[in-house]
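Scroll down for the structure; my scribbles are underneath it.
Just so it is clear, the model here is predicted, and its values are computed rather than measured.
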Amino acid sequence: MKLNPDCMRHILLELEKVPFQKETYPDELYEALPKYPHDEIDYAILKMHEAGFINATIENYLDGRIGIEIYDISFEGHQFLDNVRSSKVWTATKKVASDIGSTSIQAITQIATSVITEIIRQAIIPT
C-alpha cells in the first residue's frame with residue numbers, strides 16, 4: 001500500500017485536538033476524516049508509529065486484524081506537523097516533492113524546511 005502524506009498530515013492535525021492523556025482510536029479518526037478509506041488511515045497510523053511520529057500501542061491479532069490505541073503525538077511528530085501545518089507551505093512542499101519525484105517522509109520534511117526558509121528569506125529581504 002502507498003503511504004499518503006496528506007492523510008498523515010490530516011491525522012496529525014486531528015490528534016493535536018485530542019486533550020492530553022486521552023487515548024484515540026482509529027474509529028474516531030474514520031469519523032473525523034471521512035474522505036480517507038479506513039485502511040489508508042490504519043496504514044498511515046502504522047507508518048507514523050514506525051517513524052516515531054506518534055506514541056501508540058499496536059496489536060496484531062491471529063485473525064489478521066490489528067488493534068490500535070494512540071496516546072499522543074511525539075516530539076518528532078510535532079516537529080513534522082509544525083513544518084507542514086500551513087496550507088501555503090504544504091501546497092508548495094507537495095509541488096516540489098512531485099516535481100522531483102520524491103515523496104518520502106524524510107524528503108517531505110527537508111522540502112518543507114526549505115520552503116519555510118525561503119518564505120522567511122522573502123519576508124526579510126523582499127524582492
Side-chain angles (χ1 to χ4, degrees):
M1 176 168 228
K2 187 174 179 179
L3 183 60
N4 182 339
D6 283 311
C7 183
M8 286 179 52
R9 178 176 174 267
H10 284 123
I11 289 170
L12 289 170
L13 287 167
E14 285 301 316
L15 291 175
E16 189 175 52
K17 297 174 187 175
V18 176
F20 180 59
Q21 295 187 329
K22 181 191 178 297
E23 301 84 20
T24 304
Y25 298 90
D27 288 344
E28 297 167 74
L29 295 172
Y30 303 157
E31 187 176 316
L33 304 169
K35 77 180 203 175
Y36 297 107
H38 295 184
D39 63 336
E40 192 166 19
I41 290 173
D42 290 346
Y43 191 72
I45 291 168
L46 291 174
K47 296 306 160 189
M48 287 192 295
H49 181 255
E50 289 174 8
F53 285 6
I54 59 171
N55 297 311
T57 298
I58 312 288
E59 292 187 39
N60 294 302
Y61 300 116
L62 293 176
D63 64 2
R65 292 179 305 117
I66 57 171
I68 301 171
E69 184 176 9
I70 304 166
Y71 302 111
D72 60 7
I73 302 172
S74 69
F75 180 79
E76 189 70 27
H78 278 290
Q79 294 295 104
F80 176 79
L81 180 57
D82 286 342
N83 280 338
V84 299
R85 176 185 312 283
S86 158
S87 294
K88 178 180 179 179
V89 171
W90 184 238
T91 300
T93 299
K94 289 192 316 179
K95 181 182 181 333
V96 172
S98 176
D99 289 350
I100 65 171
S102 181
T103 57
S104 72
I105 299 309
Q106 183 179 13
I108 287 172
T109 301
Q110 290 175 347
I111 294 165
T113 301
S114 296
V115 168
I116 292 166
T117 301
E118 182 61 20
I119 291 169
I120 292 168
R121 188 190 67 70
Q122 289 178 7
I124 294 171
I125 307 169
T127 54

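Closest approach of Ile45 and Pro26 over heavy atoms only: CD1-CG, 4.3 Å. For the pair Ile73 and Glu16, the tightest heavy-atom approach, listed with the atom from each and the gap, is CD1-N, 3.6 Å. Here the closest heavy-atom approach between residue Gly77 and residue Leu12 is recorded as O-CD1, 4.2 Å.
Annotation: side chain to side chain contact (heavy atoms under 4.5 Å, CB included) contacts of Ile120 (sequence neighbours excluded): Ile116, Ile124. A search for side-chain hydrogen bond (donor to acceptor under 3.5 Å, both in side chains) contacts involving Glu50 returns Lys47, not counting sequence neighbours. Taking Asp63 as the reference, Arg65 meet the salt bridge (charged side-chain N to carboxylate O under 4.0 Å, His left out) condition, with sequence neighbours excluded. Glu76 pairs by the salt bridge (charged side-chain N to carboxylate O under 4.0 Å, His left out) definition with nothing, not counting sequence neighbours. Every residue meeting the side chain to side chain contact (heavy atoms under 4.5 Å, CB included) condition with Ser86, not counting sequence neighbours, appears here in chain and number order: Lys88, Val89. In terms of the salt bridge (charged side-chain N to carboxylate O under 4.0 Å, His left out) criterion, residue partners of Glu28 (sequence neighbours excluded) are, by chain and number, Lys22. The salt bridge (charged side-chain N to carboxylate O under 4.0 Å, His left out) test applied to Glu14 returns Lys17, not counting sequence neighbours.
In this structure, Arg85 CZ and His78 NE2 are separated by 9.0 Å, a value rounded to the nearest 0.5 Å.
Note on residues 107-119: pairs passing side-chain hydrogen bond (donor to acceptor under 3.5 Å, both in side chains), not counting sequence neighbours, are Glu118-Arg121, Glu118-Gln122. The salt bridge (charged side-chain N to carboxylate O under 4.0 Å, His left out) pairs that include a residue from residues 2-13 are Asp6-Lys94, where partners are two or more places apart or lie in different chains. Applying the ring-ring contact (aromatic ring centres under 6.0 Å, His included) definition to pairs two or more places apart or across chains, those involving residues 17-47 are His10-Tyr36, Tyr30-His38.
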Considering only distance and modelled atom types, tabulate donor-acceptor pairs under 3.5 Å from the side chains of residues 97-107, sequence neighbours left out.
{"unit_1": "Asp99", "atom_1": "OD2", "unit_2": "Lys95", "atom_2": "NZ", "d": "2.8"}
{"unit_1": "Ser104", "atom_1": "OG", "unit_2": "Ala107", "atom_2": "N", "d": "3.0"}

Would you tabulate the side-chain donor-acceptor contacts of residues 52-61 under 3.5 Å, counting partners in other chains and residues two or more places apart, or write 'none'?
{"unit_1": "Asn55", "atom_1": "ND2", "unit_2": "Asp72", "atom_2": "OD1", "d": "2.5"}
{"unit_1": "Thr57", "atom_1": "OG1", "unit_2": "Tyr71", "atom_2": "OH", "d": "2.6"}

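A single hydrophobic cluster is not seen to contain both Phe80 and Val18; linkage of ILVMFWY side chains at heavy-atom distances under 4.5 Å, directly or through other members, places them apart. Placement of Leu3 and Ile70 within a single hydrophobic cluster is found when ILVMFWY residues are connected by side-chain heavy-atom separations under 4.5 Å, directly or transitively.
Contact annotation: the side chain of Leu81 never approaches that of Leu15 to less than 4.5 Å [non-hydrogen atoms, C-beta and beyond].
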